[in-house]
S.K.: 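One structure, pasted below without further comment.
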Amino acid sequence: MKSLRNPGMLLIPLMAFLLVFYLLPVFLMLLRSAGEGWSFAPFVAAFDSVVTVKVFVFTVKVAVGVTLLTLLLAYPLAYFIVTTSDRMAALLMAIVLVPFWTSILIRSYAWMVLLGRKGVINELLTWIGVIETPIRMLNTTFAVYIGMIHVLLPFMILPILSALKGIDGRLVAAAENLGAGPASVFRHVILPLSMPGVIAGSVLVFVLALGFYITPALIGGPQDMMISMLIAQKVELYEWPEASAIAAVLLVLTLAALALVGRLISIEKVLGRATG
Amino acid sequence: MSTPPPAPSISGSPVRFEGLSKTYGPVTAVKPMDLEVRAGEFLSFLGPSGSGKTTTLMMLAGFETPSTGRLIVGDTDITSMPPAKRNIGMVFQNYALFPHMTVEQNVAFPLRMRGVGPAEQTRMVAEMLDTVGLADFAGRFPAQLSGGQQQRVALARAIVFKPPVLLMDEPLSALDKYLRSRLQMEIKRIQRDLGITVVYVTHDQDEAMTMSDRICVMRDGGIAQIGAPETLYRAPADEFVAGFLGESNMFTRPLKRTEPGRIVIDMARDDLVLPVRQTPAGTAVKLAVRPEHLHFHPDDSGIATVRDVTYVGDHRRYELALDDGTLLVAKQQETDGITPVPPGARVALDWPAGQMRAFADGVALQ
């Protein structure tokens, strides 16, 4: 094949698309957040409210909590998948991925069916006599966590899995040969070498969790309002400047989180790819 | 270059293979093998891929479980010990350095695993890095080192905890020729200084010849021959070893007659008499002669024609064709007063009876 003189040209269609459908709207949104008279008035208006601050704190809390819980669930599973037989690994991957390909809306409704007052879990627990009256699970923060973790689990598992798969088996053999027992091999070789996957997965899950809308809206309670729900509410009330201001802060928050992770951990160092 | 300090002394242990074998279902990877590696000896397993040499090494390291037999290092039976408990050093084919650790941390790793105190660790690592000439690279990561430097780190890491036995799995195969020969000498020096027993696996016969006290030639999962490099080169036990170690001209000639203790071979113009230990049953034997032992001189009534001459610096390489089409290679030392024989010339061959090996059914007769 004849090589292109300038391969950068290949990026033009994508760049044009992003410019028109992404950068421009973001820019317009930022513009709108400045309000009519170029002031911080919409920001003041939005964050002067106790509700906005509470929603922000709640959103960050949920995003951090969901990220940590997802990590705790995903790492052992990813580790099991890389160590088990090919058949078992394929089965587990299917179990992980099938919900991933299912609409988020359908999954949220499924949780409603499971967690509801007359839902499958309550009926079952009552029938076997563990409880006498149904437990309130739907429309609670608990339900929000369950639903979000379920949706976000694949985003954590896949990067960790790929990092674990990338670890050279000879490094494990070398560590064993040098006197490391199973726990030491894990602590000194496998865990540090899988960190790029852990970081990538955590960032992905955290950023996605910050912007969650459907799941908390459907299975959370009235107290479980997240930023995107607040923005939607403001838009419905035609409070465009305030909605834009909140969105702008969310954007800055997300970028700050990414920058912090980038500063804290040098990916090159973790990967051992640093060059002289 | 300053001379490196002598390496801290370790005493090597003997290694005994007692009927050791490995089968995977119906496939035999290693046939039952009995072998004793002496304390402080450098023994190489040499063979083509699939000959069982790596499987043997992996059983010794503990990464493969033997199907039968026992493995004894010193006085300890290690047959069913996990790799981590064996206290055997190993240099892997691609070094297997931990990419997320510095050179210093890599070399300190086996000491850490053994609970050596931090101060002692630092001292031993510094001493070891000095021995392999990498004192200035302690803070680097493996990715920042050249192939040769990585190889030295792997060696340092494998011997810093003073194991009685060191295993090396084709450790130099990824390096270029110049670096390889330098590291061969360096590994040999460190091994002698330490007195450590080395079991080395390679498919490179030059490497095995240069470094080993004894070579164990492997074929189809079994030992083809074991002995000092000189013995294997001069007196290969069979055709396979003769062909595998060094270059050999191999060709078949008819037998004129057999007598007790010797055979007479029809060499077209002359008869060749070779003393043998056993007389062959057939009517022909296979002969092997090394190119440097095959001498010739121009002679219009000779039995061979010069096909091609190549100048290789210290010698000239001749391709000689017998009238029946057999091609022989001869090396002629390049010394003053020798005029090269041109292609097309007829030459007479002087068969070096003392340096020729005869085989029947693949087995040496002498």
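In what follows, every chain begins at residue 1, and chains take the letters A, B, ... in the order their sequences are listed.
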S.K.: Quick check on A:N177 against chain B: is it the side chain, the backbone, both or neither that has a heavy atom closer than 4.5 Å?
M.R.: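 Its backbone and side chain both get close to chain B.
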S.K.: Mind checking whether B:F45 and B:F17 have parallel, tilted or perpendicular rings, split at 30° and 60°?
M.R.: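 Geometry flag for B:F17 against B:F45: perpendicular rings.
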S.K.: In terms of heavy-atom proximity below 4.5 Å to chain A, should B:F63 be classed as side chain, backbone, both, or neither?
M.R.: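 Looking at B:F63, just its side chain touches chain A.
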S.K.: If contact means a heavy atom pair closer than 4.5 Å, which residues of residues 69-89 of chain B contact chain A?
M.R.: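 B:P83, B:A84, B:I88, B:G89 fall under the 4.5 Å cut-off.
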S.K.: Residues two or more places apart in sequence or in another chain: which of them pass side chain to side chain contact (heavy atoms under 4.5 Å, CB included) with A:I146?
M.R.: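 Side chain to side chain contact (heavy atoms under 4.5 Å, CB included) list for A:I146, sorted by chain: A:W111, A:F142.
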S.K.: Flag the pair B:D193 and B:R189 as a salt bridge only when some basic side-chain nitrogen lies within less than 4.0 angstrom of an acidic carboxylate oxygen.
M.R.: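 Between B:R189 and B:D193 there is a salt bridge, with a charged N closer than 4.0 Å to a carboxylate O.
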S.K.: Go through the structure and list residues passing side chain to side chain contact (heavy atoms under 4.5 Å, CB included) with A:I214, not counting sequence neighbours.
M.R.: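 Checked A:I214 against side chain to side chain contact (heavy atoms under 4.5 Å, CB included); matches are A:I104, A:L105, A:S108, A:L218.
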S.K.: Could you check whether A:F17 and A:Y22 have their ring centres less than 6.0 Å apart?
M.R.: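 Between A:F17 and A:Y22, which both carry aromatic rings, the centre distance is not below 6.0 Å.
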S.K.: Between the side chains of B:S21 and B:T68, does any donor sit under 3.5 Å from an acceptor?
M.R.: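 There is such a pair between these side chains.
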S.K.: State, with a plain yes or no, whether a side-chain heavy atom of A:V96 is found less than 4.5 Å away from one of A:L77.
M.R.: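 Counting from C-beta outward, A:V96 and A:L77 do come under 4.5 Å.
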S.K.: Quick check: under 4.5 Å, non-hydrogen atoms only, which of residues 103-117 of chain B neighbour chain A?
M.R.: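 When heavy atoms of chain A are the reference, residues 103-117 of chain B contributes B:F109, B:P110, B:R112, B:M113, B:R114 within the under-4.5 Å range.
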S.K.: Spell out, as yes or no, whether a donor-acceptor pair under 3.5 Å connects the side chain of A:T254 to the backbone of A:V207.
M.R.: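 No, the answer is negative, given that no donor and acceptor are paired below the 3.5 Å cut-off.
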S.K.: Of all heavy-atom pairs between B:L175 and B:R180, which one has the smallest distance, and what is that distance?
M.R.: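 In terms of heavy atoms, the two residues are closest at O-NH1, 3.1 Å.
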S.K.: Would you confirm whether B:N94, through its side chain, and B:A96, through its main-chain N or O, come within 3.5 Å as a donor-acceptor pair?
M.R.: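 Not confirmed, B:N94 side chain does not pair with B:A96 backbone.
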